[in-house]
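In what follows, a structure is listed as structure tokens, so that the remarks can point back to it.
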2 protein chains.
Amino acid sequence: MLNKLIQQVRKVVDLNESEVVVFTKYVETQRLKKKQLILQSDKVCKYLYFVEKGCLRMYLINKKGAEQITQFALDGWWISDYQSFMNFTPSDYYIQAIEESEIVAIENQNFEALLIELPQLEKYFRIMMQKAVAGAQFRSKLLYEMSKEEFYIHFKTSFPEFMMRVPQYMIASYLGLTPEYLSELRKKKL
Amino acid sequence: MLNKLIQQVRKVVDLNESEVVVFTKYVETQRLKKKQLILQSDKVCKYLYFVEKGCLRMYLINKKGAEQITQFALDGWWISDYQSFMNFTPSDYYIQAIEESEIVAIENQNFEALLIELPQLEKYFRIMMQKAVAGAQFRSKLLYEMSKEEFYIHFKTSFPEFMMRVPQYMIASYLGLTPEYLSELRKKKL
DNA sequence: TGAATTTCTTAAGCCAGTTTAATTTTTAGT
DNA sequence: ACTAAAAATTAAACTGGCTTAAGAAATTCA
């Protein structure tokens, strides 16, 4: 139930069997069905989530009452509302399974305790956060230099499997355009 | 020349005097004059930069030939092109001092070596990266839920001192709007 | 302190992307 | 397989924010 995570950690730091057992004590694994929510607006995001299998989305409800997706998380990705997670403040987000999924969840307090008991993990999480920053920076660069049309084309060619896996209106939401306009773009270029 | 950084690190982890000396071996300090560039497009961003004093901006040149600012860094902030830094790939960015500034720079290789010699620092950098992720997430949330007008008002009320310190056209660029439109907004609401 | 350069403003015309609303297609549950 | 619900399409009218162009104001530095 947490093979993928252990495997990923071991790419960065050594963990022997007994350390894996310790690790296991601090995390929870969960099976989610499609549409199941693991975070709701106004609640504190108490967990860091790792997707073992499946796909999650993070979204907020905007003033117009529409769902605005800000992030997806596929197998092997981490997802959380980091501000809420770090400061125990209520979140504005929802996190929901798009497909049946398996996740590993680490609670706030346990995260601190885990890093004290297995300080080697600091390095793993430092690198994972570093990659997240790089990713965010890259994404914001794309937003700055591309039109929505170009952004859509970029996304489509970068993640073709993802296009198949996720409903179109969610992709539209993530890309920050209306389903109607996305439909128009699809008609235009194949 | 690196007091602020040491002070900031010590808020998170203990560092005795001799460890500070070790730290010092792995970093370089630099004084920058206004408009001095420390990263140019097509070069690898070999450093992680910490601003001791002053103000930097990070920007790229878009297709139309205009400078697009993607980040500012004030006293006490870190800045880098993380993708370039981690993968030794050429950057698309420029990083430039807006004011006379003092910075601490850590080179790639030294960063790795430093973290091996002083592994306590993993925690400091994990937390600093975690905050960067939280910041990026917050910023992207604002972009998703606000119009450009609202984004401008938000920025203006959140960082009033900053508005004074930096030319308006740079703020416009950072906010992703034209100087002309910013000017129009300023006229509208005081 | 004056000339050059950089920054800011104004206003009109324009377009990428939204809104609205109605129709069709696909998906999921029984 | 049938029905209800969810998702995708179409098209027309509309708008937030951009472009262009020209002038005014503020900085910079010799």
Side-chain angles (χ1 to χ4, degrees), chain A residues 32-37 54-55 57 59 61-69 72 94 96-101 142-156 162-190, chain B residues 32-37 55 57 59 61-69 72 94 96-100 142-156 162-190:
Chain A
L32 307 178
K33 4 182 211 201
K34 199 165 173 171
K35 300 205 174 171
Q36 189 173 338
L37 286 165
C55 181
R57 66 172 180 144
Y59 64 94
I61 307 284
N62 65 25
K63 296 160 266 194
K64 291 167 202 150
E67 294 176 359
Q68 177 60 65
I69 298 176
F72 290 112
Y94 300 77
Q96 187 191 44
I98 296 181
E99 312 170 350
E100 279 210 18
S101 304
L142 295 184
L143 282 168
Y144 271 120
E145 59 188 9
M146 292 180 178
S147 67
K148 302 225 158 167
E149 178 169 344
E150 290 169 319
F151 195 38
Y152 160 69
I153 293 168
H154 170 89
F155 186 80
K156 189 183 71 165
F162 195 71
M163 297 293 290
M164 314 299 289
R165 207 160 149 186
V166 169
Q168 233 183 92
Y169 77 95
M170 288 193 184
I171 289 167
S173 171
Y174 177 68
L175 295 176
L177 38 84
T178 59
E180 293 82 2
Y181 188 54
L182 178 54
S183 196
E184 199 174 301
L185 290 177
R186 278 163 59 86
K187 185 170 50 167
K188 211 157 97 184
K189 342 242 146 181
L190 172 88
Chain B
L32 306 179
K33 0 180 216 206
K34 200 166 171 170
K35 299 205 175 172
Q36 189 173 339
L37 286 165
C55 181
R57 66 174 179 142
Y59 65 92
I61 307 286
N62 65 24
K63 295 159 268 197
K64 291 168 199 148
E67 292 176 0
Q68 176 59 67
I69 298 176
F72 290 112
Y94 299 78
Q96 186 191 43
I98 295 180
E99 311 170 351
E100 279 211 17
L142 295 184
L143 282 168
Y144 271 120
E145 59 187 10
M146 291 180 178
S147 68
K148 301 227 157 169
E149 178 169 343
E150 290 169 319
F151 195 37
Y152 160 70
I153 292 167
H154 171 87
F155 185 80
K156 190 183 70 166
F162 195 71
M163 297 292 291
M164 314 298 290
R165 206 160 149 185
V166 169
Q168 231 182 91
Y169 77 95
M170 287 194 186
I171 289 166
S173 170
Y174 176 69
L175 295 177
L177 39 85
T178 59
E180 293 83 1
Y181 187 54
L182 179 54
S183 195
E184 198 174 300
L185 290 177
R186 279 164 59 86
K187 186 172 49 169
K188 211 155 98 183
K189 342 243 148 178
L190 172 87

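Order of the sequence lines sets the chain letters (A, B, ...), proteins ahead of strands, with each chain counted from 1.
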Taking CE from Met163(A) and C1' from dA8(D), how many angstroms apart are they, rounded to a whole number? 13 Å
Side-chain contact test, heavy atoms from C-beta onward, threshold under 4.5 Å: evaluate it for Ile171(A) versus Leu175(A) and give yes or no. yes
From CD1 of Ile171(B) across to P of dT7(C) the rounded distance in Å is 13 Å
Please state how far atom CD1 in Ile69(B) lies from atom P in dT7(C), giving the value in whole angstrom units. 11 Å
Parallel, tilted or perpendicular for Phe155(B) and Phe162(B), by the 30°/60° rule? perpendicular
Less than 4.0 angstrom between a side-chain N/O of Lys187(A) and OP1 or OP2 of dA11(D), yes or no? yes
With a 4.5 Å heavy-atom cut-off, do Tyr174(A) and Gln68(A) have their side chains touching? no
Five-pair end axes of the helix from dT1(C)-dA30(D) to dT30(C)-dA1(D), angle between them (10°): 70°
Can you tell me how far apart SG (Cys55(A)) and CE (Met170(A)) are? Round to the nearest 0.5 Å. 8.5 Å
Glu150(A) and Lys63(B) ion-paired at < 4.0 Å: yes
Minimal non-hydrogen separation, Tyr144(B) against Ser173(A), with atom names: CE2-O, 4.2 Å
Summarise protein proximity over nucleotides 13-30 of chain C in one line of letters, 5' to 3': B for base, S for sugar-phosphate only, - for none, counting protein heavy atoms closer than 4.0 Å. ----BBBBB------S--
Rounded to whole Å, how long is the line connecting atom CG of Leu175(B) with atom P of dC8(C)? 13 Å
To the nearest 0.5 Å, what is the distance between CG on Asn62(B) and CD on Glu145(A)? 8.0 Å
Contact under 4.0 Å: Tyr169(A) side-chain N or O vs dA7(D) OP1/OP2: yes
Can you tell me if Arg186(B) touches the phosphate of dT9(C), counting only side-chain N or O atoms and a distance under 4.0 Å to OP1 or OP2? yes
Looking at Gln168(A), does any N or O in its side chain come under 4.0 Å of the phosphate oxygens OP1/OP2 on dA6(D)? no
Rounded at 0.5 Å granularity, tell me how far CD in Glu67(B) sits from OH in Tyr94(B). 9.0 Å
Can you see which heavy atom on Lys34(B) is nearest to which on Ile98(B), and at what distance? CG-O, 3.1 Å
